[in-house]
Every structure is written in structure tokens, then in C-alpha cells.
Number of protein chains: 2
Amino acid sequence: MPVLSDKVIHRLTLYHCILKYTLINQDRVSSFEIANLLGLDNSQVRKDIALCGVLGHKKQGYNSTELKLAIEQKLGFKETKEVFIIGAGHLGTALANYTDFKDYGIDILCLLDNNPNKIGKEINGKKVLPLEDLQSLISRVNTKNIILAVPAKQAQAVTDYAVQCGAQFIWNFTPTVLKIPKNVMVYYENIISSFMQMYKEPINHKHTIFSRLKIMKGHK
Amino acid sequence: MPVLSDKVIHRLTLYHCILKYTLINQDRVSSFEIANLLGLDNSQVRKDIALCGVLGHKKQGYNSTELKLAIEQKLGFKETKEVFIIGAGHLGTALANYTDFKDYGIDILCLLDNNPNKIGKEINGKKVLPLEDLQSLISRVNTKNIILAVPAKQAQAVTDYAVQCGAQFIWNFTPTVLKIPKNVMVYYENIISSFMQMYKEPINHKHTIFSRLKIMKGHK
DNA sequence: TGTGTTTTGTGATTTTTTTCACATTATCAC
DNA sequence: GTGATAATGTGAAAAAAATCACAAAACACA
């Protein structure tokens, strides 16, 4: 079974969102509907769906429930994925409060911070613990997954510490590139980069900011 | 001048982050260093850089300052881009507090919400105004760019209202796909999709969550 | 001055992704 | 029933992206 490419995963997740929210009261959905909502080619939608092993019905499209479940299965939404958040600032707090995570199996165990004013607090039922506890937490709970949500300037130092404590995987929400040993993995969640992808080309007038956008999804 | 592809923009933004934080005290940088930090092919780095019009020096690499400025220029970091945030919940608050935005020219004018408890407050010096003010704000300030940071269930209704008020561009932070008229553009900032891109394949043990990861960036 | 090494810049090739095109078939209208 | 239609599924073609490979230049150092 070939591993799905990033692009396919991104699109499948969006198809799932469509089934979950946009076309919630339809029990059938066609590749044309999905393609139109996202500005894609309809045959591409069909090929993506075929990768999930779902068969459609001629003249009727796909069964929404079946497709939704198949995507969840294929992408592993129902499997629990435990994570620590490092950084209990605005971003860490927002992530700890992000209720949608649990629909996708992402389980935030607790937050860690080195600010004494924050330690001991609870955010959405999750404790804020001192960063020094990381090592014992990692060994006790056996979860080596970190969401990094600290200020950019501290990102490298905190990463060095987390790696030393045994962190194996870092989902980096800071706009930095980290130096890490080969056995550790980083995934860059770079909001700025996303923004720039839509902004595309330097333009002059401050009010027409988005005027030279790439039409990523939505409309041709 | 061809428009840069998303992938190139994403990589250039990461190169910029490297110059800004990771290799801050080096005044020269080679394509090999950048490629190693990000797990890329070094010739790809050189081709990306060539798109910014920067010439390197044989045996020495690129001038860091020159490269950094060229990326900023090419991607338009220094141009002001004004935006309204709709939704003053945890996510909207985090975005309003995201100090890095201003380094990239993103200027948040104010937040809008329909919760009376939130209206009138200030978040990082930005006022929270009633959602009903959107129409007059858009026409007064002539900025038609919206960051959508409301709960998923309200995303479509709020979008419909924003579009009616004249919104032209929506940076959608909710995990939903929106129905919008052809003249409006949406860019999906789907955190879940990013997560799933790194998570790749369904696996069984909850603690080994990230074990089948795609090594997106960082290491080969 | 000459030799070896490092690093750029870029054509050529390969791989991946997207788009096109169309045969096939289930359903609906009549 | 029968014919028209709307959808799927999928090979083939085209486009885009990544990788390879190497000439050329600049520097280090003898």
C-alpha cells in the first residue's frame, strides 16, 4: 500500500470537512460537487477517493457516510495521538482550547512552561506544568510528541532541552527552522509561509493586498 | 516574471526563517547549509534562490543580508497588508497577539465578534467591535480582507454575512470548506490537514503516534 | 604560479502530479 | 421497456517539480 502524498492528504482532509460541515444533510455526494467547492478537477477528486478504497455509484455519486468513514480510517482520525504542548502563551492556550483536535484523535496531555505565573493554572482542563517536568513526563507517559508554541527567540533553546529529555517529534508552530539531531523529526507549521503562499507577489497599494492572489481553492 | 509556486514560496519563507533565527550570526550561507537544515536537495535551494535574483559567490555561498532582503522583497514582507479578524475567541485572540505578523507586514486592524461580553475589550491594543460594524468598517477603511476564526459550526453563516458586507478575501482558520461566490477568495489554513500530512498512516499503538511519519523537513 | 577543493548555476533527466478524454453503467423520465 | 443522461473509473497525455550531473569559477595553500 503506497503512502499517500501530502497533497492527497490535504485534499482528503478537505473532502472530510465538506462531508462534516458543508454538505452535512446530503447522503450522497458527487465528485463534481466536491471539485466545485474546492476549485479542483473532478477526476482528481475521484482518483483521491479511489485511494481510500471507496466505490461510487454511477449517476449517483458516493455515499457520504461511507466516504466520510473511509477517509477517517485512511487518515487515522480515530486513533489517539497524545501530545505535550510546550508554551502556555497565547498560541499554546489557543491550541489547548482547540476543541476540534479531539475529533481527529489529537489528545493534549498537558502544557509546559517556565513562567512561574502560568505554572499550576489549568487551560481547558489541562494542567500547566513546569518545563523541568518534561523528562519525567516523557518517560512516565511514554509520549514523545511535542507541540512547540514558544516565542521564536526561545524556540531553539527549548527544542534543545526537549530533545535532551527524549522528545522525538516536534510540531513546530514558531516561525523558525530548528537544528535537531537526525533521529528527531520536525514538522513546520508556518503560518507566515501559508500567508505568503496566498499573497504571492509584491504589490503597492496597502488596501489591495490580496489582489494578486493565487486562487488556491475555491474558484477558477 | 512568472508567479512563484506555492512550494517555492513555502521554501523561501523557511530560508528566510533560517537567516533570521537559525544562522543569525553568519554573514554568508551556502545552499548546502540550507538544504541540510531542511532536508532538501541543494540544487533545489540554489534554483529557488535564483528566482529571487540573487547571485552567489563560488566557493563562498550567498551573502546572508542580501539574500534575506531579496526574499523579503520577492515575497512582499515589507508591504502593509491590513486585515480584520472575525472571532475574538481563543484562536482570534492568539492571532491578534501574534507578534510575528508585523514583521511580515500583516496589520490587524481590529477584531469583530457577536458576543456582548467580548465587545468593547481590547486585545493587544486592538478593539473588539460588534460584527454588525463590519459593513461600515469595510467601506470606511477599504480593506476587504478577513481572517475567519470562529467556531466551525458558525463558519458558513459568518462567511455569508462577511461576503454580504463586501469581504473579498477570507483566510479561513476554521476546519471547514466554505461556499462562496466566484468573486470571493478563500484560503484554507487547515491545521488538521497539516497534522494529517505528518501523521501519514493509521497505526495502532497510541504512544507511537508519530512513528510512521513522513520526514517532511529536517532530516533524511 | 599551480593544484585541489568548494560551491555556484544550470541544462538534462526522472519522477510526480494534474488534466484530459472517454468507455461504461445505473438511474430516471416517459 | 427504451433512450437520454449523469456520474464513475481509469488509461494516456501534459505539466510541474525534483533530482542528477557537471562545467565553471573562486579561493586556499603550497
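So you know, we letter chains A, B, ... as the sequences are listed, proteins then strands, and number each from 1. Note that the structure is predicted; figures quoted are calculated from it, not measured.
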>> Under a 3.5 Å distance rule, please check whether B/N124 uses its side chain to pair with a backbone N or O of B/A96 as donor and acceptor.
In response: yes
> How far apart are the closest heavy atoms of A/A88 and A/D113, and which atoms are they?
Replying inline: N-OD2, 2.7 Å
> Rounded to the Å, how far apart are B/E33 CD and C/dT6 C1'?
Replying inline: 12 Å
>> Whole angstroms only, please: what is the CG-P distance between A/N63 and D/dA7?
In response: 16 Å
> Do B/Q164 and B/D160 get their side chains close enough for a donor-acceptor pair, meaning under 3.5 Å?
Replying inline: no
>> If the condition is ring pair (Phe, Tyr, Trp, His ring centres under 6.0 Å), which residues does A/Y98 pass it with, not counting sequence neighbours?
In response: A/F101
>> How many whole angstroms separate atom CD1 of B/I49 from atom C1' of C/dG9?
In response: 11 Å
> Any donor and acceptor pair, going by atom type alone, linking the side chain of A/T174 with main-chain N or O of A/A152 inside 3.5 Å?
Replying inline: no
>> Does anything in residues 53-62 of chain B come within less than 4.0 Å of DNA chain C? Heavy atoms only, and list the residues if so.
In response: B/L55, B/G56, B/H57, B/K58, B/K59, B/Q60, B/G61, B/Y62
>> Please evaluate residues A/W171 and A/F169 with respect to the criterion ring-ring contact (aromatic ring centres under 6.0 Å, His included), reporting the C-alpha separation (whole Å), side-chain torsions for both, the decisive distance (0.1 Å), and the verdict.
In response: CA-CA 7 Å; A/W171 192 9; A/F169 189 86; 8.2 Å; no
> Does a donor on one side chain sit under 3.5 Å from an acceptor on the other, for B/S193 and B/Q197?
Replying inline: yes
> Could you give the CG-to-P distance, from B/L51 to C/dG9, as a whole number of Å?
Replying inline: 12 Å
> How would you list, by chain and number, every residue that makes a salt bridge (Lys or Arg N to Asp or Glu O under 4.0 Å) with A/R11, sequence neighbours excluded?
Replying inline: A/D48
> Excluding sequence neighbours, so at least two apart, what forms side-chain contact (heavy atoms from CB on, under 4.5 Å) with A/D103?
Replying inline: A/K20, A/D100
> Once you round it to whole Å, what is the distance between P of D/dA26 and CZ of B/R28?
Replying inline: 12 Å
>> Let me check the geometry of the helix from C/dT1-D/dA30 to C/dC30-D/dG1. What is the bend angle between the axes at its two ends, five pairs each, to 10°?
In response: 20°
>> Whether A/S31 contacts D/dT8 is assessed here as follows: a side-chain N or O lying under 4.0 Å from the phosphate OP1 or OP2. Is that the case?
In response: yes
> With a 3.5 Å cut-off and no angle check, do the side chains of A/S43 and A/D41 form a donor-acceptor pair?
Replying inline: yes
> Taking CZ from A/F32 and C1' from D/dT5, how many angstroms apart are they, rounded to a whole number?
Replying inline: 12 Å
> Any side-chain heavy atom of B/F173 within less than 4.5 Å of one from B/L95?
Replying inline: yes
>> What is the distance, to the nearest angstrom, from the CD1 atom on A/I34 to the C1' atom on D/dA6?
In response: 16 Å
> Rounded to the nearest Å, what distance is computed from the CG atom of residue A/N42 to the P atom of nucleotide C/dA21?
Replying inline: 13 Å
> How does protein contact run along nucleotides 10-18 of chain D, one letter per nucleotide 5' to 3', with B for base contact, S for sugar-phosphate only, - for none, heavy atoms under 4.0 Å?
Replying inline: BBB----SS
